[in-house]
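In this chain, residues are counted from 1 in sequence order. In what follows, every heavy atom counts, from backbone to side chain, and hydrogens, waters and symmetry copies are set aside.
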Amino acid sequence: MTKTEGRLLIALAAVLIHLMLAGTGVAEVVDRIVAEVNNDIVTLSELQNMAKTVEAQAGIKPKGQEEKKMQREMLEALIDRKLAKAEAKRRGIVVSDKEIDAAMAQFKQRNNVPDDETFAKGLAQAGLSVKEFRSQLADQMTQERLLVMVVGTKVTISDAEVRRLYEQQFKKGGTQVHIVTLRMPFPPGATEAQKEELKQKAETILNAVKRGESLAGAAAQFSLKPSDVGFVSQGDLDPRLAEYLDKLKPKEVAPILTQEGIQLMQVVARRSGEARPFEAAAPEIRRILQQQGMEKVFAEWVKTLREKAHIKIML
């Protein structure tokens, strides 16, 4: 695995966290209906696919009451997505194939992806096909356009708010994270027994690292070799992924589960980057605050759609 591929997997992990809010993009399977939303439905398979995405990023599977709570929260999020998607269609919001192609090209360029093969490989490790990624991207772009159309100029950010966030998070300089990853893909057509066997291997490696062994040494017993991604600017990561990594202590390893296998992620070290002056950081800070404000207003607007909608939950 090259360093470019490693960076792609890190970027894709961030994309998964971000796109989680827009759904998984997996084709609907009519199995059991868990909710009716006007003339649309939410199926159990949709809910399960979203759960896999969430569990993949958290590295754990909640149980008991926590599992039920998370399942209900995800169902509510899927209902909101259905309502927003229907409203976007009603307003004539359409994302063309040409626009999706351009967005994918920009994504590859930002992450220094050399070719389509590397791109597809990185997606597979994140549990996605190229087709599913395109579908997710289209959903995200559609919702972003609806957000702009609905919110418009309702959100204004003052200079004082920008200065406050700069003092809190940007003044001391950005943090860089040294990341090492270990890919453990499931065999093609893996059975549940084979998947369980791989999970046991991952658990063995995690326990060995906890006892003080190096990740490379622990992985060597299974003829596996970690990939050193190097230092990555925490500011370049999706905020959710950055927050996830920020919880790891140096040398600590955390698992990320996907439909294609297991990825162990280790934060080797952190270091402070060079602080940016306020004038240089202000445009980025304003964009962050603007986006947060728009999402808050948008969430309130979606509540008005709920009040007018026929929603029946059967979970």
Student: Among all residues two or more places apart in sequence or in another chain, which pass the salt bridge (charged side-chain N to carboxylate O under 4.0 Å, His left out) test with Glu300?
Tutor: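 Once residues adjacent in sequence are excluded, the partners of Glu300 under the salt bridge (charged side-chain N to carboxylate O under 4.0 Å, His left out) criterion are Lys303.
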Student: How long is the straight-line distance from CE of Met294 back to OG1 of Thr153, given to the nearest 0.5 Å?
Tutor: 10.0 Å
Student: Hey, what do you get for OG1 (Thr181) to CG (Leu215), rounding to the nearest 0.5 Å?
Tutor: 9.0 Å
Student: Would you check if Leu224 and Lys201 make a side-chain contact, meaning some heavy-atom pair closer than 4.5 Å?
Tutor: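 Not touching, per the 4.5 Å side-chain cut-off.
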Student: For Asp101, give me all partners under side-chain hydrogen bond (donor to acceptor under 3.5 Å, both in side chains), at least two apart in sequence or on another chain.
Tutor: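 side-chain hydrogen bond (donor to acceptor under 3.5 Å, both in side chains) list for Asp101, sorted by chain: Arg134.
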Student: Only counting residues at least two apart or in another chain, list the ones meeting side-chain hydrogen bond (donor to acceptor under 3.5 Å, both in side chains) with Asp116.
Tutor: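 Listed in chain order: Lys108.
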Student: Check whether any side-chain heavy atom of Leu147 lies under 4.5 Å from a side-chain heavy atom of Trp301, and answer yes or no.
Tutor: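 Side chain of Leu147 against side chain of Trp301, heavy atoms only: no contact under 4.5 Å found.
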Student: Partners of Lys249 by salt bridge (charged side-chain N to carboxylate O under 4.0 Å, His left out), sequence neighbours excluded?
Tutor: none
Student: Can you tell me how far CD1 of Ile93 sits from CE of Met141, rounded to the nearest 0.5 angstrom?
Tutor: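 Going from CE on Met141 over to CD1 on Ile93, the span is 12.0 Å.
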Student: Evaluate the side chain to side chain contact (heavy atoms under 4.5 Å, CB included) criterion for residues Glu73 and Lys69: first the C-alpha distance (whole Å), next the side-chain angles of each, then the deciding distance (0.1 Å), finally the verdict.
Tutor: CA-CA 6 Å; Glu73 289 174 351; Lys69 180 182 176 182; 3.4 Å; yes
Student: Please examine the side chains of Ile288 and Glu284, heavy atoms only from C-beta on, and report whether any two atoms are closer than 4.5 Å.
Tutor: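 In short, these two side chains touch, coming nearer than 4.5 Å.
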Student: I'd like to check Ile79 versus Ile313 (side-chain heavy atoms, cut-off strictly below 4.5 Å). Are they in contact?
Tutor: yes
Student: Test your reading of the model: is there a side-chain donor-acceptor pair from Asp228 to the backbone of Gly230, 3.5 Å cut-off?
Tutor: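 Yes: the side chain of Asp228 pairs with the backbone of Gly230.
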Student: Do Met314 and Val34 have side chains that approach each other closer than 4.5 Å (heavy atoms only, starting at C-beta)?
Tutor: no
Student: Within the 4.5 Å heavy-atom criterion, are Gln291 and Arg287 side-chain neighbours or not?
Tutor: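 Side-chain contact under 4.5 Å: no.
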Student: Please say whether more than 12 non-hydrogen atoms of neighbouring residues, nucleotides or ligands are located less than 6.0 Å from CG in Asp115.
Tutor: yes
Student: Among residues at least two apart in sequence or on other chains, which ones pass side-chain contact (heavy atoms from CB on, under 4.5 Å) with Ala216?
Tutor: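 Only Ser214, Pro226 meet the side-chain contact (heavy atoms from CB on, under 4.5 Å) criterion with Ala216.
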Student: Run the side-chain hydrogen bond (donor to acceptor under 3.5 Å, both in side chains) test against Lys85 and tell me which residues pass, sequence neighbours left out.
Tutor: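 With sequence neighbours excluded, Lys85 shows a side-chain hydrogen bond (donor to acceptor under 3.5 Å, both in side chains) to Asp139, given in chain and number order.
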Student: Ser158: which residues meet the side-chain contact (heavy atoms from CB on, under 4.5 Å) condition with it, sequence neighbours left out?
Tutor: Ala160, Glu161
Student: Using side-chain heavy atoms (C-beta onward) and a distance below 4.5 Å, is Ile311 in contact with Leu83?
Tutor: yes
Student: May I ask you to decide if Val155's main-chain N or O and Gln290's side chain share a donor-acceptor pair within less than 3.5 Å?
Tutor: yes
Student: Checking Arg32 against Leu47 for the side chain to side chain contact (heavy atoms under 4.5 Å, CB included) test, could you report, in this order, the C-alpha distance in whole Å, the side-chain angles of both residues, the deciding distance, and whether it holds?
Tutor: CA-CA 10 Å; Arg32 179 164 79 83; Leu47 192 57; over 6 Å; no
Student: For Arg90, enumerate each residue passing the side-chain contact (heavy atoms from CB on, under 4.5 Å) test, keeping only those at least two apart in sequence or located in another chain.
Tutor: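 If we apply the side-chain contact (heavy atoms from CB on, under 4.5 Å) test to Arg90, skipping adjacent residues, the hits are Glu87.
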Student: Please say yes or no: joined through hydrophobic side-chain contacts below 4.5 Å, possibly via intermediate residues, are Val148 and Val94 part of one cluster?
Tutor: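 No, Val148 and Val94 fall in different hydrophobic clusters.
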Student: Going by ring pair (Phe, Tyr, Trp, His ring centres under 6.0 Å), name the residues that satisfy it together with Phe222, two or more places apart in sequence or in a different chain.
Tutor: none
Student: Under the salt bridge (charged side-chain N to carboxylate O under 4.0 Å, His left out) rule, collect the residues that match up with Arg306, sequence neighbours excluded.
Tutor: Glu76, Asp80
Student: Look only at the side chain of Thr142 and the backbone of Ala138, and say whether a donor-acceptor pair between them is shorter than 3.5 Å.
Tutor: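 Present.
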Student: Got a sec, which residues hit side-chain contact (heavy atoms from CB on, under 4.5 Å) with Lys199, two or more places apart in sequence or on another chain?
Tutor: Glu196, Ile262
Student: For the residue pair Val130 and Met104, establish whether any side-chain heavy-atom pair is separated by less than 4.5 Å.
Tutor: yes
Student: When rounded to the nearest 0.5 angstrom, what distance separates CD1 in Ile41 from NZ in Lys312?
Tutor: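 Going from the CD1 atom of Ile41 to the NZ atom of Lys312 covers 13.0 Å.
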Student: Nearest 0.5 angstrom please: Leu206 CG to Arg211 CZ, how far?
Tutor: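 Answer rounded to 0.5 Å: 11.0 Å.
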Student: Applying salt bridge (charged side-chain N to carboxylate O under 4.0 Å, His left out), can you list everything that pairs with Asp159, at least two apart in sequence or on another chain?
Tutor: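 Partners of Asp159 by the salt bridge (charged side-chain N to carboxylate O under 4.0 Å, His left out) criterion, ordered by chain and then number, come out as Arg286.
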Student: Between His178 and Phe231, what is the ring plane arrangement, given parallel below 30°, perpendicular above 60°, and tilted in between?
Tutor: tilted
